[in-house]
Amino acid sequence: MEADTPIPSAVIDLPLRPRRRRNPGLRKTRAITPPPELDADACDAIADDLQNAGRAAEAETFYRAALALAPERPDSWANLGLAILKDGRPEEAVQCERQALRLDPEHVEALNNLGIAMHALNALPEAENHFHGVLRRAPEHPNAMLNLGVIRQSLGYLEEAEVLYRRARALGVDEARVCNNLALALAELGRLEEAETACRDALAANPDYPEAAVNLGMILLMRGKMAEGWPHYEARWRVPPLLGQPTLPDATRWTGAQPVAGKTILLLAEQGFGDTLQFCRYAPLLAQRGAKVVLAVPETLARLMRSLRGVDSVVTPDAVLPVFDMHCPMMSLPLAFGTTEATIPWRVPYLEADPAASERWQAIIPSAGGAGGLRIGLVWAGARRLSQPHAAVVDRRRSMALAEMATLGRVPGCVFVSLQLGAPAAQTKDAPFPLVDITDRLADFADTAALIEVLDLVITVDTAVAHLAGALGKPVWLLNRFDTCWRWPRDRDDSAWYPTMRLFRQSVAGDWAGVIRHVADALPGFHTFN
């Protein structure tokens, strides 16, 4: 159950190709099919121009034409691989770069491009090896220096990444890109003021750089500067994974300025399930203003969302959208409402479990027995987003193995219930303590909500279950990684978004053992805490 919206990843730098000596008569050609009279040099020259102009698909055509005429050119193979990579086909790019290296094992650019392709495939150790190979051959290669920084950051070596980014910056790599990456490393190190400065440096170098804008927005949100952070966060639509997703016309976008009384407003889910669970809380506020509110959410959330007060109807992606007057993505609602920490709509519950379903779970889940006995739901791992390299890294950092929770099993008077879905759920077979597992009966979030309703406490890493328990008004203890998500403050153990939530954050990156010890020590006093 995906919940954690990651800061957009540190950006691997795709180099522009160096300009070659060109035939002046061909420099401005817009031909898509290479004319038959062109030789390999001319095809390569036109391809380079197209590549530098951002027309990768057309560049690919001319590189292939050049290679058809002269197949033993490592430069052409390397550049073809780069064009294919820019077109979003890293597996094919790998083959092109390997062919370039077969022809010239010392080809620095092919080796750098191969590292970039491996990063796109989330093969981080292989990418790291290739960038090291570039720097052994060309110790001051700025692009490889920056890219190696991305890999070291992704693997958790943040101090090394910072050093590499600063070296790349001194070597003259793209200022906006390197400052953006440096900001991310600094943010993960907890140096938020420096991170904000680095993001502003990136935007000073390139005011239209969306990655830096959305990262600045998230860093400002981390720092509690919500009024300034939400507008920058709107740049998320210009970066993956939202870039290229279908959107509705801006003309019907509700910004908070237009009156909604008597209007139908469509609220659209975006990103992870947890994001929808967190920000659907604004729907009742629109209903209070006289709007007819329609939610568009994934099927697995639809049944639960019908419990949200003030919602007229809920539609799913396979349904035809109803007629509406205005629309708003759910994560833009805080901006539209001008949300600050003081005005967060924090009252819970705003979602409700089905009482009949909860009664069925009540009969199945054993009682802990004795005074103060507890039924505790557990989630130990987040979703695996392997198609997004940085998100995949965040998923590893916010996850642990069930075995690492073994200390909890020694706390008396507790019955533990698995709420874990996905591949990590298989770990219940080797659970280090008795664990009730009925997750095979959970068809959607409404089922999970009904199960949570009969529990006393939910203990979870940063996943959608944390948001679900908070939205239901159930006590929830969030096991938080050191480089916390923007929505969980670093300097406190509670949450302005969920009054029933308590935060247990790593004091050292990767130290889940310390977090679990803290939780185990806190459990006997649970009732007095709440």
Side-chain angles (χ1 to χ4, degrees), residues 2-8 208 210-261 263-298 301 305 308 310-312 314-315 317 321-322 324-346 350-351 464 467 471 485-487 496-497:
E2 179 181 329
D4 189 355
T5 307
I7 290 181
D208 195 39
E211 285 85 352
V214 70
N215 287 337
L216 176 59
M218 286 186 161
I219 289 166
L220 290 167
L221 292 174
M222 285 183 194
R223 301 195 68 195
K225 300 179 179 181
M226 291 188 178
E228 187 180 0
W230 297 122
H232 287 291
Y233 187 55
E234 288 300 298
R236 70 190 182 279
W237 294 101
R238 298 167 56 205
V239 299
L242 294 183
L243 179 66
Q245 287 191 12
T247 57
L248 295 174
D250 286 342
T252 61
R253 172 77 172 266
W254 184 66
T255 65
Q258 311 96 310
V260 297
K263 304 291 186 182
T264 297
I265 184 164
L266 175 67
L267 302 184
L268 301 157
E270 54 168 295
Q271 303 187 59
F273 296 131
D275 300 310
T276 300
L277 290 165
Q278 181 177 5
F279 294 105
C280 70
R281 70 181 68 207
Y282 287 90
L285 303 183
L286 284 164
Q288 290 171 15
R289 295 186 181 188
K292 178 181 178 181
V293 180
V294 179
L295 300 186
V297 301
L301 282 169
M305 287 295 157
L308 192 60
V311 171
D312 186 78
V314 176
V315 297
L321 286 179
F324 61 91
D325 300 298
M326 290 176 283
H327 78 278
C328 189
M330 284 195 193
M331 296 187 75
S332 293
L333 288 168
L335 172 63
F337 276 91
T339 302
T340 65
E341 188 164 334
T343 63
I344 288 173
W346 55 268
Y350 53 86
L351 293 174
H467 296 275
C485 175
W486 59 266
R487 67 198 84 206
W497 294 97

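What you see is a predicted model; the values in this text were computed from it and never measured.
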(Q) Under the salt bridge (charged side-chain N to carboxylate O under 4.0 Å, His left out) definition, can you give me all pairs with a residue in residues 243-258, not counting sequence neighbours? (A) E234-R253

Q. What salt bridge (charged side-chain N to carboxylate O under 4.0 Å, His left out) pairs are there with at least one residue in residues 215-225, not counting sequence neighbours?
A. E196-R223, E196-K225

Q. Do the rings of W486 and Y233 sit parallel, tilted or perpendicular, given the 30° and 60° boundaries?
A. tilted

For [X], what residues pass the side chain to side chain contact (heavy atoms under 4.5 Å, CB included) criterion, not counting sequence neighbours?
X    : result
A471 : Y350, L351
L242 : R236, W237, Q245, E270, Q271
D208 : N206, R238
T252 : P249, F324, H327

(Q) Donor-acceptor check, side chain of D312 to backbone of V294, threshold 3.5 angstrom: yes or no? (A) no

**Q.** side chain to side chain donor-acceptor pair (under 3.5 Å) partners for T247, two or more places apart
**A.** none

**Q.** Residue pairs involving residues 288-298 (criterion side-chain hydrogen bond (donor to acceptor under 3.5 Å, both in side chains); sequence neighbours excluded)
**A.** none

Q: Would you list the pairs meeting side-chain hydrogen bond (donor to acceptor under 3.5 Å, both in side chains) in which at least one residue belongs to residues 337-346, sequence neighbours left out?
A: Y282-T339, T340-T343, E341-R492

Q: Flag the pair L267 / L286 as yes when at least one side-chain heavy-atom distance between them is below 4.5 Å, and no otherwise.
A: yes

Q) At what distance, to the nearest 0.5 angstrom, does CE of M305 lie from CG of L277? A) 4.5 Å

